[in-house]
Structures are given as structure tokens and as C-alpha cells.
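Just below is one structure, and these are the notes that go with it.
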Amino acid sequence: MKYIREHLGAKLFLANLIVILVGIGILAITIQVTIPAAFNRHMGMMDQTSMMNGMGQGQGQGLGKTLFENFRASMFESLGYAVTASVIAALLVSFFISRRIVAPVRTLTNASQHIAEGHYAERVQVNGSDEIAQLAARFNKMTTQLEQVESMRRQLIGDVTHELRTPLTSIKGYMEGLIDGVLPSTTETFDQIHHEADRLSRLVDDLQELSRVEAKAYPLDFRSVAVPSLVQTTLKRLSPQATAKRIGLRSSLLADLPHILADEDRITQVLVNLVANAIQYTPEGGDVTISAIRHEDEIHISVKDTGIGIPPEHLANLFTRFYRVDKSRSRNAGGGSGIGLTIARHLVEAHGGRIWVESIGEGQGSTFSFSLKTSQ
Ligand code: ADP
């Protein structure tokens, strides 16, 4: 029974069997019911004919022949009724059975039509566990994913519009101030405009990079990479920024760390991003430390700062695009649009690793870490 419930082929076989059995049953019953009456009638007709013809020579032979013909006639008559009844019964049974089997396919067809028209909330009811039920379950899963993609698309358009509007409004405001003579045409005003234009151009670059990493439209050149050289490149690149802010930027690496398997440029990009954030969100005089440890067949690289920290309720969302702990704070602090960590997460995950953040709370500093596989 379970086999039948789970396999459409078995269901169709059983349906055909039922139609055949019902046909045979009705055929047999109708013959049983109609044959005595048909036989009696034909025999009655035979008696009248023989009485009218009278009994003569060769009477036995003639009687046998008429008896056989009457029997055949009654048999055909009864069979005629029986075949008609069984064909009608078989048609009715197959009609109801095929309706039952085809109903979920029809539901799926209607649902897919709705989805094609953009109604992503459409779901079909899953009954049973045969192939059609499995198809319905997959269909629902696909619809859920389509709904998510659609909502992400809408959200992305909303976010991008919002992010673009802010610097554009500022630039427009400065320009109007200049035109109306409310703002002085000083270097400071032009610097502000330049700063906003710069932010706009960084945002566009970030968005382009984000769309590339989200679509995985970039090659990864996996090689065996030495962690100290990765850290040195990052330190060299960001030392000027750290020095300008009087932040102590240093590294603490264990000796004999195994090499990692990574695309050096991409992982440097991740580390630079984390260290740049650490410098940005750490007040003057603070410290930023890059460390690396071995953990089974992985290397964990961490960037620890003594900066402003992150309240616990924000920790889980930091790697979501456009997410910022405090929008005005990060903007005033020269921060970006909340895309950097999302790009970093995509890049680390493309390497088969994880990225995470720890912070005790505001003012307590933060530690961003990611894991990569060793190359040995
Ligand atoms: P942004 O370009 O805004 O810095 P990110 O994706 O790099 O975007 O970071 C997202 C948010 O995470 C930042 O806006 C900031 O609120 C928070 N953040 C990132 N790094 C740190 C850090 N080291 N200390 C405190 N907050 C941080």
C-alpha cells in the first residue's frame, strides 16, 4: 500500500486494473441478470413457430437447429446489454480516477501560471508522497526562493536609491547655496562638494564590486600563500592611515604557521578591509592587532581593535549589505555604505571559509576573524 502511495506508476497501474475489473464485473453481472429473460423470450418465440408449422419429419433436426439459433440470439442480446453496461461503468470509473490523478497536475499548472504573472506568494497543497507530491513540494521550495530573490531585489533597489540620494542631496544643497550666494565660494565649500562626490563614486565602485562577488563573476587563483607575507602587505598598505590617527598597528603571529590555500589578492582585500574598518572605528591613541593561529586544518586570522565596539544586537547583521550599526555615526566618521563586510563575507565563503565578529559591547573594542584551509 505504501509503495502505491509513493509511486505514480503504481497508482496508474492500479487505476487501469480497477477499470478492467469493474468492466468484467459489470459484464458478468449483466449477463447473469439478463440472460434468463432473453432466453425465455426466444424459447417462447420458438414454441409458437413450431406449433404454427406443426410437427413433421426431420422434426428433431429442425428443433435442434432452432434451439441453437435461439440460444445464440439470446446470448447476443444479453451480451449486448452487458457490453453496453460495462463500457459505461468503465468510462465512469476511469473518468473519476483520472480526475483524481490529474487534479494536482492541474493545480500545479494554474499555480505556475500565477507565478509567471508575478504572484510569488502562490503555494500548492502537498498531498501524499508520490512523484506529483514531490514535484509540488519542490515547486513550493522554488517559489519560496523566487519570493526571496524578488524581495532582495526590491530591497536592493530601495537601499541603493537611498544611498545615492544622500550624497546627491548634499551636492545639490551646496550648489544651490553657492548659486544663491548663501554659501561662500571658499575652498572649504568645494572640499565638501568634492567629499560628497567622492563618497558617491566610492559607493558606485562598491556596488559594482558587490554585484561581481554576489554573482561569483571573478576568477579565484588558488595558491599556497604564507600568512606573514599577507599580513606584511596589509600593514604596509595601512600604516600611513594608522600613523595619521596615532593608532598602534601591529601583528602577532605564531612561528611555523602552515601556508593557506587562497587567492592572495582577494584575501589581502578582505584583511585590508577589516584593518581599515578597525582603524576607522578606533579613536586616536588606540590599538589594532592582526593575529593568526592554527586550528586543526584551518588558520584563523583575526583583527582586534580597542575601538568603539559593537552592541550585541547588531553582531548578527554586520555582514548583511548596507547594514551599519549607527548610520549617522559611520557616515560622520567617514564610513562607507555598509557593503565592505558583505564583500568580505562573499570572498571568504568563496574560499570555503567563515567570517565572524566578537565584541563585548559598546566601547569595548571588536575582533573580526575569518578561517581559511591550510594548503598542506
Ligand atoms: P562601512 O563601509 O560602513 O564601514 P562595512 O560593511 O565595512 O561598511 O561595515 C558595516 C558596519 O559595521 C559599519 O558601518 C560599522 O557600523 C560596523 N563596523 C565594522 N567594523 C567595525 C569595527 N572594527 N568596530 C566597530 N564597528 C565596526
Side-chain angles (χ1 to χ4, degrees), residues 152 155-156 159-160 162-167 170 195-196 198-214 231 234-235 237-238 241-242 244-251 266-291 300-350 354-370:
M152 270 167 65
Q155 167 112 36
L156 180 64
D159 287 340
V160 170
H162 177 79
E163 292 301 323
L164 289 174
R165 187 176 293 130
T166 318
S170 296
H195 175 74
E196 292 298 335
D198 207 33
R199 230 154 68 82
L200 209 54
S201 124
R202 255 187 297 142
L203 173 66
V204 172
D205 287 348
D206 280 355
L207 282 172
Q208 198 177 24
E209 176 74 354
L210 179 69
S211 84
R212 232 195 333 248
V213 295
E214 281 193 333
V231 173
T234 311
L235 289 178
R237 213 176 283 179
L238 292 170
Q241 264 169 266
K245 225 178 150 186
R246 290 197 300 106
I247 285 174
L249 178 59
R250 55 184 70 87
S251 67
R266 291 298 179 173
I267 288 304
T268 306
Q269 185 183 348
V270 172
L271 195 55
V272 165
N273 191 307
L274 297 183
V275 176
N277 273 353
I279 295 172
Q280 187 180 326
Y281 297 108
T282 298
E284 289 204 4
D287 284 306
V288 173
T289 313
I290 308 174
S291 60
H300 291 184
I301 301 176
S302 300
V303 178
K304 182 175 164 54
D305 63 56
T306 56
I308 58 174
I310 300 156
E313 67 272 21
H314 294 285
L315 291 176
N317 299 316
L318 281 194
F319 300 96
T320 309
R321 61 179 171 215
F322 299 112
Y323 195 88
R324 289 178 298 234
V325 173
D326 176 346
K327 300 197 180 210
S328 59
R329 182 185 76 180
S330 89
R331 216 170 253 145
N332 295 338
S337 45
I339 297 178
L341 286 178
T342 313
I343 295 175
R345 173 172 64 86
H346 278 289
L347 291 177
V348 170
E349 285 175 358
R354 290 172 299 119
I355 185 163
W356 66 96
V357 56
E358 291 153 289
S359 175
I360 309 169
E362 250 177 305
Q364 310 283 316
S366 340
T367 307
F368 283 81
S369 311
F370 59 96

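Just so you know, ligand 1 is whichever comes first in the structure, and atom 1 is the first atom listed for that ligand. Numbers here are sequence positions counted from 1.
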| message | Under 4.0 Å, heavy-atom basis, I'd like to know which part of Ile339 is in contact with ligand 1: side chain, backbone, both or neither. | response | backbone
| query | Under the 3.5 angstrom rule, does the side chain of Thr306 hit a backbone N or O of Gly365 as a donor-acceptor pair? | reply | no
| task | Can you figure out which of Tyr323, Phe322, Tyr281, Phe319 has its heavy atom closest to atom 21 (C) of ligand 1? | result | Tyr281
| Pair Arg202 + Glu163, salt bridge at N-O below 4.0 Å | no
| request: State which residues pass side chain to side chain donor-acceptor pair (under 3.5 Å) with Arg237; sequence neighbours excluded, sorted by chain then number. | output: none
| query | Any N/O of Phe368 closer than 3.5 Å to an N/O of ligand 1? | reply | no
| query | Any N/O of Leu341 closer than 3.5 Å to an N/O of ligand 1? | reply | yes
| query | Atoms of ligand 1 less than 4.0 Å from Ala278 heavy atoms? | reply | 23 (N)
| For Thr234, which of Ile267, Val275, Leu274 qualifies under side-chain contact (heavy atoms from CB on, under 4.5 Å)? | Val275
| query | Side chain, backbone, both or neither: which part of Ile310 has a heavy atom under 4.0 Å from ligand 1? | reply | side chain
| task | Flag Asp305 as yes when one of its N or O atoms lies below 3.5 Å from any N or O atom of ligand 1, and as no otherwise. | result | yes
| message | So for Ser366, does at least one of its heavy atoms come nearer than 4.0 angstrom to any atom of ligand 1? | response | yes
| Would you say Lys304's side chain and Ser366's backbone share a donor-acceptor pair under 3.5 angstrom? | no
| Does any N or O atom in Gly309 lie less than 3.5 angstrom from one in ligand 1, N or O only? | no
| query | Do any nitrogen or oxygen atoms of Leu318 lie less than 3.5 angstrom from nitrogen or oxygen atoms of ligand 1? | reply | no
| Polar atom proximity, Asn277 to ligand 1 (N or O, under 3.5 Å) | yes
| query | Do Phe322 and Thr342 have side-chain heavy atoms sitting under 4.5 Å apart? | reply | no
Distance-only check: which donor-acceptor pairs under 3.5 Å involve side-chain atoms of residues 307-321, not counting sequence neighbours?
unit_1	atom_1	unit_2	atom_2	d
His314	ND1	Tyr323	OH	2.6
Thr320	OG1	Asn317	O	3.1
Arg321	NH1	Glu214	OE1	2.8
Arg321	NH1	Glu214	OE2	2.8

| query | Are the side chains of Ile279 and Leu238 in touch, meaning some heavy atoms are under 4.5 Å apart? | reply | yes
